[in-house]
Protein chains: 2
Amino acid sequence: MSGNWRPPSSTDVARAAGVSQSAVSRAFTPGARIAEATRARILEAAEALGYRPNLLPKILQTNRSGIVAVVVGGFYNPYFAMTLEAFSKALTAAGRQMMLVRVDSDRILDGVVDQLAGYRVDAVVSALALTSQAAADQLSKLRIPIVTLNSDLAGDWIRSVSSDNFAAGVAAARLLRERGGTRFGFVAGPADSPAQVAREAGFAHGLAELGMASAMRAGGGYDYASGARAARDLFSGGERPDALFCANDLAAFGVIDVLREDFGLGAPGEVLLVGYDNLDMAAWAPYRLTSFDQDIQAHVAAAMELLDLEAGATCVARVVPSRLVERESTLRS
Amino acid sequence: MSGNWRPPSSTDVARAAGVSQSAVSRAFTPGARIAEATRARILEAAEALGYRPNLLPKILQTNRSGIVAVVVGGFYNPYFAMTLEAFSKALTAAGRQMMLVRVDSDRILDGVVDQLAGYRVDAVVSALALTSQAAADQLSKLRIPIVTLNSDLAGDWIRSVSSDNFAAGVAAARLLRERGGTRFGFVAGPADSPAQVAREAGFAHGLAELGMASAMRAGGGYDYASGARAARDLFSGGERPDALFCANDLAAFGVIDVLREDFGLGAPGEVLLVGYDNLDMAAWAPYRLTSFDQDIQAHVAAAMELLDLEAGATCVARVVPSRLVERESTLRS
DNA sequence: CGAATGTGTGCATAGCTATTCACTCGCCAT
DNA sequence: ATGGCGAGTGAATAGCTATGCACACATTCG
């Protein structure tokens, strides 16, 4: 109604209850020294006025906002949604708020850092597949802690949580060999993703250990279309692989659909397949995909711990093991 | 390093540059009266100190934080991820920040409203399937505008954006009839979702208009498992439907997989199917599901408009038409 | 009964920025 | 020459809360 309305302040409540502003503050501060009768009167007045304590002055003094910024690159992959959900739960449980920041590629530099600093966010979690070292350096200079997921940034205020991508790659090679694979293929993710690089390196290492020829290679993205393209590339040539490790589940689904539709190769069946992320869909009937479960709970728990490390001198890195969940995609028909 | 470090303030910069605090403020305020030479000297000093203007004092005075809270119930449905992504883009483009709040059921009351009010969020967007009227009333009393998506809350500061769920239900009935359906079934979402209720009502209305018998009914959730259960229920009895309208795509996928696996009913084929949301997956080979596209861009654009309506006296509601995307699930084999 | 302890309350202040007001110059026009 | 004007700058202030300090009063103990 009125043009310049202003939410009630503690002073307004104090006036209404006939006490001082400090009394109001104490009424809302657990453990503060205040008579129960006074407290009741104040709460009543506050309720009537619709008063809620303004958090900003406290933040202004302490420079601790209780806000954690989570930076993501997009949501096309359900894995991000799962991570976001887990983070949201954990932050809420810790009494903190999540500020969600979405960036296209590395345009993060243009003002986003300024914004985050301006709001005095307590820390930044980067769930970006690719993260800009420049942005990280800026945040470091501002002494804002950063926790990266599956990334390989380094710096004073940077901590990281990763899957043991390399070990999983090795395990994938062993499993596929054990199940009877002889001609191996790797469906790659984007080249600038450290997770992709480590998974591929691990797979190559595992194959070498087993004395197998190195894998054929296709793909180059974490999305469905990229997997579909990779499958066409791999199976259009003369020498077809019979065992595939895919950089993630989403790409694996693209592979499976193309194999079935375009090449009549029913999976499970003629081609062995392993993915990564263990999405809900991996258990669905058309896929039944063997996959590495990233144990998001553990990732998030580790990240939450690292958030509050104030020292920040040494670069802390945590590695969370992935758990292999085997389904029919690694069974011969 | 030092225990109580404090980020540089405008006063620190002023001291370093040999000017007053107000000059520093003006150097960072576009269009402020300041000599170019002075400005340059200040920016240099600010850069050296790593100064970023603190946004909190301004918020403290204006009570406008630039933060919009987005409330969601979970991310299990990729549709939420798509909505979130679109909102994030729109808010960033408008120079605002997103605070993401996740609530289990209606525990939103327990402190979340207090938090949001405390941070002085400019508005709340509720993407919750089910939303608590009590929470909405609290926010209204605080004069915080709310925009709900596909909900039916009402109140002074509440605006809503919805799909034309009823019309889509009618359209689904007509399409299924046109394609040859004779025995209809409805796979329901959760009973407390207004969207579910409207879709079902529209479907029933459409069938009645066509002079068909009312639909068999099963399900009761928006998730995959609920759809799977519904399919078993519907096809275990004697009279099997041959045309299904599913409350959303996720449930439809569950239906399709069960029909194929448990009953050998290939879809597309013997059973006609229509879903809702037009997820990416609806286009994938195992599904090729006819679905209603909610036009998220339009939803978000409408919501962004409604956010800044300051008047708030009348309850504004926008309806966004859904677009039918037909695929093979509505073709007879 | 005096001192000491404890309880409850008010006063004053820090924290940082944008903005208004006032002031000083230099310059132009009358 | 002098009033007026515009540009550039500094001082002061509002905005709200938590908290340290001081004070008043009640209670208990020696």
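Numbers restart at 1 for each chain; the letters A, B, ... are given by sequence-line order, proteins then strands.
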It should be established whether [X] places a side-chain nitrogen or oxygen under 4.0 Å from OP1 or OP2 of nucleotide [N].
X	N	answer
A/Y51	D/dT17	yes
B/S10	C/dT17	yes
A/T38	C/dT9	yes

Would you kindly compare B/A35 and A/S9 by the position of their nearest DNA chain D nucleotide and give the one closer to the 5′ end?
-> B/A35
Tell me which of A/R33 and A/P8 sits closer to the 5' end of DNA chain D, going by the nucleotide each one is nearest to.
-> A/P8
Can you check whether any acceptor in the base of [N] is under 3.5 Å from a donor in the side chain of [X], or vice versa?
X	N	result
A/S22	C/dC11	yes
B/Q61	C/dA18	no
B/R39	D/dG8	no

Whole-Å distance between [N] [atom2] and [X] [atom1]?
X	N	atom1	atom2	answer
A/R26	C/dA12	CZ	P	14 Å
B/R120	D/dT17	CZ	C1'	11 Å
A/Q21	C/dG10	CD	C1'	10 Å
B/L60	D/dT13	CG	P	18 Å
A/N54	C/dA14	CG	P	20 Å
A/K58	D/dG20	NZ	P	11 Å
B/D12	C/dC16	CG	P	8 Å
B/L56	C/dA18	CG	P	11 Å

Do B/V300 and B/K89 touch side chain to side chain, with heavy atoms closer than 4.5 Å?
-> no
Measure centre to centre between the rings of A/F75 and B/F75, then say whether the value is under 6.0 Å.
-> no
Assert yes or no for the condition that the ring centre distance of B/Y79 to B/Y222 is strictly below 6.0 Å.
-> no
For A/V19, answer base if it contacts any base atom (sugar-phosphate contacts may also be present), sugar-phosphate if it contacts only those atoms, and nothing otherwise; contact means non-hydrogen atoms under 4.0 Å.
-> sugar-phosphate
Heavy-atom nearest pair, B/A298 first then B/V320, reads CB-CG1, 3.7 Å
Measure from the side-chain N and O atoms of B/R102 to the backbone N and O of A/S88, and report whether any donor-acceptor pair falls under 3.5 Å.
-> no
